[in-house]
Amino acid sequence: MTGVFALIDCNNFYVSCERVFDPALEGRPVVVLSNNDGCVIARSNEAKALGIGMGTALFEARPLLEKHGVRVYSSNYALYGDMSNRVMAALSEFTPNVEVYSIDEAFLDLSGFRRLGSGRHGRDIRAKVHRWTGIPVSAGIAATKTLAKLAGGIAKRYPETGGVFDLTGLSGRRDAMAATDIGGVWGIGHRYARMLRRNGIETALHFHDAAGPWVRKRMGVAGARTWLELKGVACFDLECQPPARKTTVVSRSFRDAIENEEELRQAVAVFAARAAEKLREGGLTAGSVTAFVATSRFGPARHQYHNAATVALASPSNHTGAVTKAALAALKGIFRRRRRYKKAGVMLLDLAAAGRAQPNLFAPSNDGRGGRLMEALDRINRKDWGEPGSGARGWGDLLHYGAAGIHRGWRMKQAYRSPRYTTNWNELPVARG
DNA sequence: TCTGGGGTCCTAGGACCC
DNA sequence: TCTGGGGTCCTAGGACCC
């Protein structure tokens with residue numbers, strides 16, 4: 001017996017979060033910006049209708065934004081993360097089989113819910129999430145995840161669906177695929193979409209009707225799976241237990257390019273400290289540390305430089321000192337003078353559960369004094385002025401290693417951030433009666 | 001002047017071994 | 001003079017996702 005997958009997708013999620021706490025934004029064009037206020041990463045339907053593209057740089061979008069009085073927000077990940085948890089909690093009221101796929105999407109297994117019809121369940125879910133959280137969602141329901149994504153796209157694009165589109169029956173499947181651009185198929189990115197269009201494949205239906213061996217040859221096993229999934233053959237299961245993370249990254253673009261080595265070292269030290277903190281939050285250790293740097297992608301080719309280097313830790317660790325030291329050693333090998341660095345980052349590799357890692361008798365221990373020091377550091381940094389896990393803490397940590405410096409000339413730009421309504425006592429909304 | 005951040009998987013090719 | 005082939009591991013790069 002075949003399964004039934006539902007994809008639940010929050011509409012314009014970041015914008016919807018802002019609207020929950022400021023209902024006056026309803027019906028108005030709203031956009032949310034990336035870290036550093038660099039470009040547009042979320043748009044309300046009204047903003048989309050104005051022609052503001054996803055990923056448009058703020059300086060490019062500004063004339064349109066001003067002309068139409070678009071409300072502009074810096075991203076507020078503390079708020080979005082918390083709202084996401086509430087949405088997922090509402091979904092898990094329906095079934096324990098929930099895969100949290102991203103901050104604003106989840107797959108549900110509805111195989112056991114056939115009695116009332118899938119569409120009815122979709123509408124129930126939609127209503128409940130909205131009632132509990134204020135977030136509007138759309139639902140796509142089908143026999144495979146890829147078809148559920150496709151159905152969700154229809155639900156979102158066609159208001160007459162009421163935000164729910166059920167593709168579990170065979171009828172309508174070809175129409176739905178014919179109405180879906182090839183680039184809108186889950187698993188087909190812009191590169192393959194271009195290649196497919198060159199070969200006359202413009203829609204999901206064209207791809208569905210293409211020859212299997214040809215797809216396998218041109219697109220590998222991943223493409224072949226997508227092709228099968230469109231035919232209703234499930235290749236992807238629900239993953240309710242998120243697999244253990246293998247790497248973690250902390251990186252930022254700089255508001256102003258950095259040339260000075262000491263300044264870059266300070267930035268990398270801050271990234272390393274945050275990365276080590278992420279490890280401790282997840283009860284993990286890393287085996288090696290990569291530092292990477294890059295100049296602007298938008299400058300002339302002769303000015304571009306990007307490089308990365310990896311340093312192994314003497315023994316797996318989540319200690320800020322050890323991680324920072326390794327990151328700075330890696331940076332030393334790749335730093336070149338007279339380059340304008342626009343971005344840098346630290347990646348931690350070979351992650352393992354803390355405590356299960358093979359100890360190295362000859363290296364500083366992760367436990368004992370070092371471990372207690374890290375606990376104290378985390379406790380103090382958590383208090384009042386930041387939330388672990390949020391990307392929006394603004395580097396406000398009071399305690400940090402000396403290498404992180406104190407100037408922070410490269411601090412993030414966040415000119416339009418809304419309050420952290422739900423996670424910071426000092427920023428609770430005030431009710432006026 | 002100003003263009004996000006954080007992940008995964010697959011594949012091809014080289015090194016090395018038997 | 002003849003100069004294989006298969007397996008494994010690693011890495012870099014490319015593709016994808018949100």
Side-chain angles (χ1 to χ4, degrees), chain A residues 7-10 12-14 31-42 52-63 65 72-77 80-81 84 99-107 145-146 149 152-153 182-196 216-226 229 235-236 239 242-257 271 274-275 278 282 288 290 292 294-299 306-310 312 340 342-351 389-392 412-415:
Chain A
L7 173 77
I8 309 298
D9 191 345
C10 300
N12 313 326
F13 181 56
Y14 296 171
V31 300
V32 175
L33 304 176
S34 63
N35 265 326
N36 253 342
D37 293 344
C39 65
V40 172
I41 57 166
I52 299 166
M54 179 73 165
T56 311
L58 178 58
F59 75 93
E60 280 173 359
R62 206 183 280 282
L65 299 175
V72 177
Y73 287 84
S74 300
S75 41
N76 183 346
Y77 290 105
Y80 311 150
S84 176
E99 173 186 341
V100 177
Y101 178 66
S102 75
I103 193 167
D104 67 341
E105 279 177 65
F107 286 104
K145 284 177 153 184
T146 303
K149 289 280 279 188
I182 185 61
V185 175
W186 191 47
I188 296 185
H190 69 282
R191 294 304 270 272
Y192 281 144
R194 213 169 54 196
M195 184 277 290
L196 291 168
R216 173 67 180 82
K217 181 158 167 277
R218 299 298 296 263
M219 302 172 65
V221 298
R225 284 194 194 116
T226 297
E229 284 240 322
C235 301
F236 305 113
E239 289 177 20
R245 201 182 292 308
K246 294 169 181 164
T247 63
T248 191
V249 176
V250 175
S251 78
R252 290 290 180 278
S253 294
F254 305 127
R255 184 182 47 186
D256 306 307
F271 303 153
R274 173 64 194 136
K278 278 167 77 175
S288 53
T290 298
F292 59 90
T295 53
S296 172
R297 315 195 305 280
F298 301 96
H306 52 96
N307 207 346
T310 302
R340 295 173 46 75
K342 192 64 184 144
K343 178 176 182 171
V346 169
M347 190 181 326
L348 305 183
L349 315 173
D350 311 323
L351 304 192
S390 85
M412 278 209 296
K413 194 153 65 175
Q414 281 205 318

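It should be emphasised that the depicted structure is a prediction, and the values quoted were computed from it without experimental measurement. Lettering of chains follows the sequences in order, A, B, ..., and the numbering in each one begins at 1.
A/Y77 has its OH atom 7 Å from the C1' atom of B/dG5, to the nearest Å. Computed from coordinates, the A/F298 CZ to B/dC2 P distance equals 10 Å when rounded to whole Å. What separates CE of A/M54 from C1' of B/dG4 is a distance of 10 Å, to the nearest Å.
Across all strands, A/R297 comes closer than 4.0 Å only to sugar-phosphate atoms, never to a base (heavy-atom distances). Among the protein residues, A/D104 comes within range of the sugar-phosphate backbone only, with heavy atoms under 4.0 Å from sugar or phosphate atoms but none that close to a base. Among the protein residues, A/L33 comes within range of no part of the nucleic acid, since none of its heavy atoms lies under 4.0 Å from any strand. At a threshold of 4.0 angstrom between heavy atoms, the contacts of A/V185 are confined to the sugar-phosphate backbone, with no base atom among them. Among the heavy atoms of the strands lying under 4.0 Å from A/T247 are primed sugar atoms or P, OP1, OP2 only; no base atom is included. Residue A/S296 is out of contact with every strand shown, counting any heavy-atom pair closer than 4.0 Å.
One finds no side-chain N or O of A/K149 lying less than 4.0 angstrom from the OP1 or OP2 phosphate oxygen of C/dC17. Regarding contacts with the backbone of B/dC10, a side-chain N or O of A/R225 is found under 4.0 angstrom from either OP1 or OP2. Between A/S34 and B/dT3 there is no side-chain N or O to OP1 or OP2 distance below 4.0 Å.
A/F107 and A/Y101 have perpendicular rings, their planes meeting at more than 60° on a 0 to 90° scale where under 30° would count as parallel. Ring geometry for A/F236 against A/W186 counts as perpendicular: the plane angle is over 60°, on a 0 to 90° scale with 30° as the lower cut.
Taking atom C1' in both C/dG4 and B/dC16, the straight-line distance is 15 Å, to the nearest Å.
Each of A/V249 and A/V221 lies near DNA chain B, and the nucleotide nearest A/V249 is the one positioned closer to the 5' end. In terms of position on DNA chain B, the residue among A/K342 and A/R216 whose nearest nucleotide sits closer to the 5' end is A/K342.
Checking B/dG5, B/dG4, B/dC9 against the side-chain heavy atoms of A/I41 singles out B/dG4 as nearest. Closest to the A/C39 side chain, of the nucleotides B/dG7, B/dC10, B/dG4, is B/dG4.
In a base pair of the Watson-Crick type (N1 to N3 plus N6-O4 or O6-N4) or a G-U wobble (N1-O2 and O6-N3), with each distance short of 3.5 Å, C/dT8 is matched with B/dA15.
Here the straight-line distance linking atom CD of A/E105 with atom CG of A/D9 works out to 4.0 Å at 0.5 Å rounding. Taken from CZ in A/R252 to CG in A/N35, the straight-line distance is 5.0 Å, to the nearest 0.5 Å.
Between A/L33 and A/V40, some side-chain heavy-atom pair lies under the 4.5 Å cut-off.
Residue-nucleotide stacking is not present for A/F59 and B/dT3, judged by a side-chain ring centre under 5.5 Å from the six-membered base ring centre and planes under 30° apart.
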